[in-house]
Amino acid sequence: MITKKDLENYISLGKCIKATKKKIDYYENKCPYAIHGKVSGSSSQYPYIQRSYTVDGGGFTSGGMTEENRRQRIQNLQFKLRKQLRDYEDKRLEIEEFIADIKDPDAKLLFTYLYVDGMSQEEAGELFEMEQSSVSRKINRYINKYLVSTK
């Protein structure tokens, strides 16, 4: 069931979806899993010849957490982020379906202008040559009718 608050959050949901996708991408593609590298030094005996050595963190990251522990935490976070993303997308889809089901073309346009395009009631009213208060009444009347019909 859609509420007026859900409609008002439509644009924010889009921003949340974008931010969550960015976090998921970071943890899937850019987050380093192991601490290791190469250093150069010389042999311990004469003649001192420069050599390269590979070093790693011995299975521990800087916080004292094992690499396996860290990977598990990242996987848990990725799972939570994917679930959060699905919830955002589902709510946004529900709002889009609600607007698509509106039969009255003026009401459909008003809902689109106000909640999808982010216009103010004054701006939408100017397009319909209506006062802001008339826009507000029309929206509230439609939402109340919808809420009563879904109970």
Y142 and M1: same hydrophobic cluster, using ILVMFWY side-chain contacts below 4.5 Å?
->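 Yes, it is one cluster - the side chains of Y142 and M1 are joined through contacts under 4.5 Å.
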
Report yes or no: do I11 and Y113 belong to one cluster of Ile/Leu/Val/Met/Phe/Trp/Tyr joined by side chain heavy-atom distances under 4.5 Å?
->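 Same cluster.
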
Start with the C-alpha gap between L7 and I139, add the side-chain angles, then the distance that decides, and say whether side-chain contact (heavy atoms from CB on, under 4.5 Å) holds.
-> CA-CA 11 Å; L7 291 166; I139 294 294; 6.0 Å; no

Does the pair K108 and I99 meet the rule for a side-chain contact (heavy atoms from CB on, under 4.5 Å), with working shown?
-> CA-CA 6 Å; K108 183 181 280 200; I99 293 173; 4.2 Å; yes

Say you draw a straight line from [atom1] of [X] to [atom2] of [Y]; how long is it, rounded to the nearest 0.5 Å?
| X | Y | atom1 | atom2 | value |
| --- | --- | --- | --- | --- |
| L114 | L110 | CG | CG | 6.0 Å |
| Y26 | I74 | OH | CD1 | 7.5 Å |
| K91 | S12 | NZ | OG | 13.5 Å |
| L77 | K23 | CG | NZ | 8.0 Å |
| R137 | M130 | CZ | CE | 8.0 Å |
| S134 | R141 | OG | CZ | 8.5 Å |

Walk me through it: do I95 and L13 pass the test side-chain contact (heavy atoms from CB on, under 4.5 Å)?
-> CA-CA 11 Å; I95 292 168; L13 285 169; 4.0 Å; yes

Closest approach of Q121 and S136, non-hydrogen atoms and distance?
->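 Here Q121 and S136 meet closest at OE1-CB, 3.3 Å.
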
Is there a donor-acceptor contact under 3.5 Å linking the side chains of S133 and E131?
->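 The criterion, which ignores hydrogens and geometry beyond distance, is not satisfied for E131 and S133.
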
Do you see a donor-acceptor pair shorter than 3.5 Å between the side chains of E122 and Q132?
->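 No, no side-chain donor-acceptor contact under 3.5 Å.
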
Yes or no on side-chain contact (heavy atoms from CB on, under 4.5 Å) for K4 and N140, after CA distance, side-chain angles and deciding distance?
-> CA-CA 8 Å; K4 192 170 184 179; N140 287 332; 2.8 Å; yes

Tabulate below the donor-acceptor pairs under 3.5 Å that side-chain atoms of residues 80-90 make, not counting sequence neighbours, or state none.
residue : atom : partner : partner atom : Å
R82     : NH2  : E28     : OE2          : 2.7
K83     : NZ   : D87     : OD2          : 3.0

Is it true that a side-chain atom of [X] and a backbone atom of [Y] form a donor plus acceptor pair closer than 3.5 Å?
| X | Y | answer |
| --- | --- | --- |
| N9 | K5 | yes |
| D6 | T3 | yes |
| Y146 | I2 | yes |

Looking at Q78, Q72, R73, which one forms a side-chain hydrogen bond (donor to acceptor under 3.5 Å, both in side chains) with N76?
->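 With N76 as partner, Q78, Q72, R73 yield a single side-chain hydrogen bond (donor to acceptor under 3.5 Å, both in side chains), made by Q72.
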
Do F128 and V135 come close enough that some side-chain heavy atom pair is under 4.5 Å?
->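 F128 vs V135: side chains apart.
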
